[in-house]
Amino acid sequence: MTPSDRLRRVVRSELFKLRTTSAWWQFSGAMVLTTLVLAIVGGVNARTALKPFAEYVQIRTHGRFHGATVPPEFLSRLRGDWVSGHSAVTQAVTLYSANQLIGLLLVCLLGIVLVTTEFAQRTATSTFLITPRRGTVVAGKLITAVMLAVVAWFVTTLISLTSGVLFLHGAGHGTQLGYWGVDRSVLLNLVAYILWAIFGIGFGALIRNQLVATVSATILYLVGAGAAGALFDLLNSYVLSATWVLGLQVIAPAVASQVMISPTSLFTGSPPQWVGAAVLIAYSALFIGLGLRRLRRSDIG
Amino acid sequence: MATEHRIVVDDLTKRYGDVVAVDQLSFSVEPGRVTGFLGPNGAGKTTTMRMVLGLVQPTSGRATIGGRSYLEIDEPTQVVGAVLEASSAHRGRTGHNHLRAACIAAGLPMTRADEVLDLVGLAAAADRQFRGYSLGMRQRLGIATAMLGDPGVLILDEPANGLDPEGIRWMRELLRGLAHQGRTVLVSSHLLTEMQALADNVVIVANGSLVRQGSVAEVVASMSHAARVEVRTPEPERLTELLVRAGGVVETGPTLIVAGLTEQAVGDAAFTAGIPLHRLATQQADLEEVFLELTHGKAGIR
């Protein structure tokens, strides 16, 4: 039997295992539902941002300043927001990758669950008896996670694209499809899905306790970007004032994936897209390497 | 099937920090018979079995099946079947799907899942989720999983746990039948009377070391008190004096228990002295007594 036969069996078995518990519809349900919600929220935001400035101010202030003057600082902040968002390209990118926010977290969690379930459900013994080479098991799970990430990206992107096109076209801004910056961000979003799935497998192999792994990954994902932003803002203000210091927040994985897919600058000092990709790839490789090493050395049972 | 399915444990040692779980253990398990693996709790039985199966890495030494380590076997499920813990399937998956997933991973046809379900008598509960299984059903599913690849070697860790008397009898017949077909069967248990009924050979360990290995009869006979003689007489004082003089050790009571002399020697001595005997019998030690004597003072948590 060749190593590739062995790998194929593991992948097929993993897909079968996933299909025969409630995990698959829980994940796909969550994926579709959050994408729908985010697509609608994104669409409403996009329409607001694409209005002429006067109307934009009306909507943002909920008409509270009707007849009166808007305080000048507030007005200039609104103008800043409007300028950065009042571009059909920016809105197209946001809308077409609306699936990303929760989608990436979900594929990461899926990767974690693929590994940690073996320990949470005590099936690791049975799995490693059938496939004693632990590297093959991890590789099989990795391929499974990547395949599922591609499917997840495809389905959720279809939802984001459909609703995005409806909103943009309906508001008279065309679809913006065919513009390379927009198309590229949709494709880079696929790369982000794949990398987060790999990241999840490595994370799960490293932290085998399912609860600890899923909760810490969720916190890292949801709070990581904000925390990194705040931290490097503080460093920039009090320690070393330089634009590249702000750029360093790309080391937070959540920031890195946003940087990777965004054709326009996300924040002051935001590095080019490839840096985001490099950071994510580095994390994925590191976690897989460490996770595999831990699994190879440890005793099962 | 002979040497191809022989399990050889060679100088196997496993240390966890300062604790030596298995200490230079060597023994072999032959095909065609049931070998009982006995020892007090914490003696290192489970660790040894897991080392044989490549799940636990030995600190030193080697374990082989047919001359190869588990990791070197190309299609392990078709050579070795193992039941290590009863609760090792996903709680939300049905027994049938658990077996089918194993078939896919092992490269076996899906129909094997149905065949082994019939073999262990679990077909009626096949489409129920594992969380609803009783301990006995879980053991049967474990055995079904082990039998998927129709292996020549079976390794079972406490398979009788949770089985009712009927289940235990079923298991005994199954394992004896499998050994009869020429397969190697290694089974650990702490139910010694059950082992005496089931096993042909025993390997007894304590504190991670080998205490005794051999056929059940040999091991039982090898013990000091293997031949104790029970005597009943209306003249116990006279007979006791006589037997002690002949080199016996006598426990007095309503029945005298004599060690160190054979049935024949006791009978001859009584006849010569004209002492009537009402009962004369050799007490055969059983596995449980032998086990307790061999492992005495070696049990306990380390």
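All figures in this text were calculated on a predicted structure; none of them were measured in a lab. Naming: A, B, ... by sequence-line order, numbering from 1 per chain.
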(request) Could you look at B:R50 and say if it's the side chain, the backbone, both or neither that has a heavy atom under 4.5 Å from chain A? (result) side chain
(request) Decide yes or no for B:S88 and A:T123: does some side-chain heavy atom of the first lie under 4.5 Å from some side-chain heavy atom of the second? (result) no
(request) Please check if atom CZ in A:F154 has more than 12 non-hydrogen atoms from other residues, nucleotides or ligands closer than 6.0 Å. (result) no
(request) Say whether A:T20 and B:R100, considering side chains only, have a donor N or O and an acceptor N or O under 3.5 Å apart. (result) no
(message) Please classify the contact of A:S298 with chain B as side chain, backbone, both or neither, using a heavy-atom distance under 4.5 Å.
(response) backbone
(message) Please give me the minimum heavy-atom distance between B:N97 and A:F16, naming the atom from each residue.
(response) O-CE2, 3.3 Å
(message) How long is the straight-line distance from CG of B:L53 back to OG1 of A:T125, given to the nearest 0.5 Å?
(response) 9.5 Å
(request) Sequence neighbours left out, what passes side-chain hydrogen bond (donor to acceptor under 3.5 Å, both in side chains) with A:D299? Give chain and number order. (result) B:K14
(message) Under 4.0 Å between a side-chain nitrogen and a carboxylate oxygen: does that hold for A:R9 and B:E75?
(response) yes
(message) More than 12 heavy atoms of other residues, nucleotides or ligands under 6.0 Å from CH2 of A:W24: yes or no?
(response) no
(message) For A:R293, I'd like to know if atom CZ has over 12 heavy atoms of other residues, nucleotides or ligands within 6.0 Å.
(response) no
For residues 107-123 of chain B, dump all side-chain donor-acceptor pairs below 3.5 Å to protein atoms at least two apart in sequence or in another chain.
from, atom 1, to, atom 2, distance (Å)
B:R112, NE, B:L148, O, 2.7
B:R112, NH1, B:E115, OE1, 2.6
B:R112, NH2, B:M147, O, 2.8
B:R112, NH2, B:L148, O, 3.4
B:D114, OD1, B:H96, NE2, 3.1

(message) Between B:D74 and A:R6, does the side chain to side chain contact (heavy atoms under 4.5 Å, CB included) criterion hold? Intermediate values first, please.
(response) CA-CA 10 Å; B:D74 195 38; A:R6 233 175 247 133; 3.0 Å; yes
(request) Could you tell me which non-hydrogen atom of B:I104 sits nearest to which non-hydrogen atom of A:R12, and how far apart they are? (result) CG2-CB, 3.5 Å
(request) Kindly give the heavy-atom pair with the smallest separation between A:R296 and B:Q57, and that separation in Å. (result) O-NE2, 2.9 Å
(request) Please say whether more than 12 non-hydrogen atoms of neighbouring residues, nucleotides or ligands are located less than 6.0 Å from CZ in B:R15. (result) no
(request) Please report the C-alpha distance between A:L129 and B:L55 in whole Å, then the side-chain angles of each, then the deciding distance to 0.1 Å, and finally whether the side chain to side chain contact (heavy atoms under 4.5 Å, CB included) criterion is met. (result) CA-CA 8 Å; A:L129 279 176; B:L55 295 167; 4.1 Å; yes
(message) Please find the pair of heavy atoms, one from A:F128 and one from B:Y70, that lie closest to each other, and give the distance.
(response) O-CE2, 4.5 Å
(request) Report yes or no: do A:T21 and B:R93 form a side-chain donor-acceptor pair below 3.5 Å? (result) no
(request) Among the options B:A102, B:G92, B:C103, B:A106, pick out the one with the most heavy-atom pairs lying under 4.5 Å from chain A. (result) B:A106
(request) Check B:A101 against A:K17 and note the closest heavy-atom contact, atom names and distance. (result) CB-CG, 3.7 Å
(message) Please classify the contact of A:A120 with chain B as side chain, backbone, both or neither, using a heavy-atom distance under 4.5 Å.
(response) backbone
(message) On a heavy-atom basis, which atom in B:G54 and which in A:R134 lie closest, and how many Å separate them?
(response) O-NH2, 3.4 Å
